[in-house]
Amino acid sequence: MRLQGRAHKFGNDINTDYIISGKYKFKTLDMNELAKHVMEDLDPDFYQKIRPGDFIVAGTNFGCGSSREQAPLVIKHARIGAVLAKSFARIFFRNAINTGLPVVECDTDQIEAGDEIVLDLAAGVCENRTRGVTIPVKPLPEVMLRILQDGGLAAHFKKHGGFNFG
Amino acid sequence: MGQTIIEKILSRASGKKATAGEIVVAKVDCVMAQDGTAPLAIQSFERMEGKRLFDPERVNLVIDHSAPSPTEGISNLHKLMRDFAREHGCRLYDIGDGVCHQVMVESGKFGPGSVVVGADSHTCTYGALNAFATGVGSTDLAAALISGQMWFKVPETIRIICHGVLPRGVYAKDLILYLIGDLTADGATYKAVEYVGEAISALSQEGRFTIANMAVEMGAKAGLMEADEKTFAWLAAHGGNPGDFAPVNADPDAVYAAVKEYDVAGLEPQVAKPHRVDNVAPLSSVAGLKIDQAFIGTCTNGRLEDLRVAAGILAGRKVHPRTRLIVAPASRRIYLAALREGILATLVEAGAAVVTPGCGPCVGTHNGVPADGEVVISTANRNFRGRMGNRNAEIYLASPAAVAAAAVAGEIVDPREFVK
């Protein structure tokens, strides 16, 4: 899986309230509607700036806070290709894999806002075309790879009739 | 090699010796989702072609985030939950029953050694009952609804030893804020935390819930405590059968990622300043800051003990004319106990607005949204920008005593001046 797009840069500890505010998340199950409010409390115009396939690039502990699965879903429905961060909060990381949003741990200090990025998930490399550097990507745990390859946890469950990590 | 509390619980639940770093598939004893997460879990349940719940007796749905419903869109999501509960025979806690984590620990359905998953990040609260309890997303939860199982990476553990006894006017909330300030918002990411020591033993069960509740604010998967006579007294008082549970202690030679020791005897009241939970400072450093809204409630500090402390400060006094005080008892049971004890009369007489037990004001989903530029002091667990529904408000987190004192003074003030 090869993704290409521009970087939108954020800092450390981007919490799920910033990704999708509590005041919206309960109103509807229409993720396309909720996606219009992605990152709104940090950057009110963020949704307008996204071009399909762009990346969210952040520092440590991305997705901390609530367990709301709406957080990875709105990022996906805003047509962000993947989130690159130095580290992720635990629940968000699982939710992203379960819902099929690629999340990648790597040294994001080598990426600035607006840089052109090519991410090769299978090869495990992130290429910063603007700066001419190749950034290694931390491999996903085996269990998560299987879930992603099956198309998320719901598809994994349907396919195998339960967990199948054997 | 010895095991930590979470390694022992996951060993029992998975049927194999669980060591940090391994992946296990474990049985879950209890499952919970609330109205912000259950509708998506129901959607995932259907997507997985789930037909029935693994055990309806162990499944709990709670309507607490927008209760009673303020809009028709939310009403329809609540209906989805009610219909699902009726069809599948699981327990539905409806509007007014209370905050999910409080009704769960009041249920007596789980205790020492249990595994509980909840689609809400503060599910870690139940670690104060010596259970492994953790927050998950809706799709993970749907898999548990169908299979009664979940996969876990067995986490490493940080052991936090708290020596000494908290001084008068300093509470469990001050201690956990201090610990989060020290360990930081991602200091325990991908890890479990064990809280031990005489300062933890000296706390009431309610105070222990406050501490376990905020483990997730340092990134932890779970915050666990040992069980003692207070734990079993809590279970007995809430319909649980203490004989059904086997307390789990860590082995003396358990391996830890880190061991941190603190002496709480000199601790001052603490505050988390905007817009981060780990932006912690002594409360005295912000004394005199004008307060527009004070909020007492939430799964962190909406319990009877908390309301009692607040009433002790507000008795015979009035909420300052420049300040509003909102109170949300954490559950119907607490609401009734506070009514019978006269606590609510004291609070209302002082000028408090009491709202339905639930989560609304904490998360900006219902009731008590601050205006632009306003300053709020709250007993909640998060002060992220926008958390209470307005990105242009500033939220400070503190103990119920500090919030009650601020409501009286109209500004942040040392609560020890008010505590007899």
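Throughout, protein chains are lettered first and strands after them, A, B, ... in sequence-line order, and every chain is numbered starting at 1.
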Should Leu40(B) and Met31(A) be marked as a side-chain contact (heavy atoms from CB on, under 4.5 Å) after you check the CA-CA gap, both sets of side-chain angles, and the distance that decides it?
CA-CA 11 Å; Leu40(B) 270 182; Met31(A) 293 302 144; 3.8 Å; yes
Which bit of Ile14(A) comes within less than 4.5 Å of chain B, counting heavy atoms only: side chain, backbone, both or neither?
neither
CH2 (Trp151(B)) and CZ (Arg146(A)) are apart, to the nearest 0.5 Å, by 12.5 Å
Which of residues 67-76 of chain B get closer than 4.5 angstrom to chain A, counting heavy atoms alone?
Gly73(B), Ile74(B)
When the 4.5 angstrom heavy-atom criterion is applied to Val25(B) and chain A, the contacting part is side chain
Examine whether an atom of His78(B) lies under 4.5 Å from a heavy atom of chain A, and if so say whether it belongs to the side chain, the backbone or both; otherwise answer neither.
neither
For Thr99(A), is it the side chain, the backbone, both, or neither that has a heavy atom closer than 4.5 Å to a heavy atom of chain B?
side chain
Chi angles and distances behind the side-chain contact (heavy atoms from CB on, under 4.5 Å) call for Lys23(A), Thr365(B):
CA-CA 5 Å; Lys23(A) 68 184 171 190; Thr365(B) 45; 5.8 Å; no
Using the rule given for salt bridge (Lys or Arg N to Asp or Glu O under 4.0 Å), can you reason through Asp41(A) versus Arg385(B), listing the C-alpha separation, both sets of side-chain angles and the distance that settles it, and then say yes or no?
CA-CA 7 Å; Asp41(A) 281 343; Arg385(B) 182 187 284 285; over 6 Å; no
What class does the angle between the rings of Phe384(B) and Tyr18(A) fall in, given that below 30° is parallel, 30 to 60° is tilted and above 60° is perpendicular?
tilted
Say whether Asp140(B) and Asn98(A), considering side chains only, have a donor N or O and an acceptor N or O under 3.5 Å apart.
yes
Which atoms of Leu141(B) approach chain A - backbone, side chain, both or neither, heavy atom under 4.5 Å:
neither
Is it the side chain or the backbone of Leu42(A) that comes within 4.5 Å of chain B heavy atoms, both, or neither?
backbone
Heavy-atom closest pair, residues Ile91(A) and Gly137(B)
CG2-N, 4.0 Å
When rounded to the nearest 0.5 angstrom, what is the spacing between CZ in Phe163(A) and CE in Met150(B)?
6.0 Å
Scan for salt bridge (Lys or Arg N to Asp or Glu O under 4.0 Å) pairs involving residues 71-92 of chain A, sequence neighbours excluded, and state none if there are none.
Lys86(A)-Asp109(A)
If you round to the nearest 0.5 Å, how far is CG of Leu29(A) from OG of Ser138(B)?
9.5 Å
Below 4.5 Å from any heavy atom of chain B, which atoms of Thr28(A) appear? Answer side chain, backbone, both or neither.
backbone
Check the side chains of Glu69(A) and Thr37(B) for a donor-acceptor pair under 3.5 angstrom, ignoring hydrogens and angles.
no
Just jot down the side chain to side chain donor-acceptor pair (under 3.5 Å) partners of Glu40(A), sequence neighbours excluded, or say none.
Tyr24(A), His37(A)
With a 4.5 Å heavy-atom cut-off (strictly below), which parts of residues 52-65 of chain A touch chain B? List them by number.
Thr60(A), Asn61(A), Gly65(A)
Turns out that what part of Leu153(A) lies under 4.5 Å from chain B's heavy atoms comes down to both
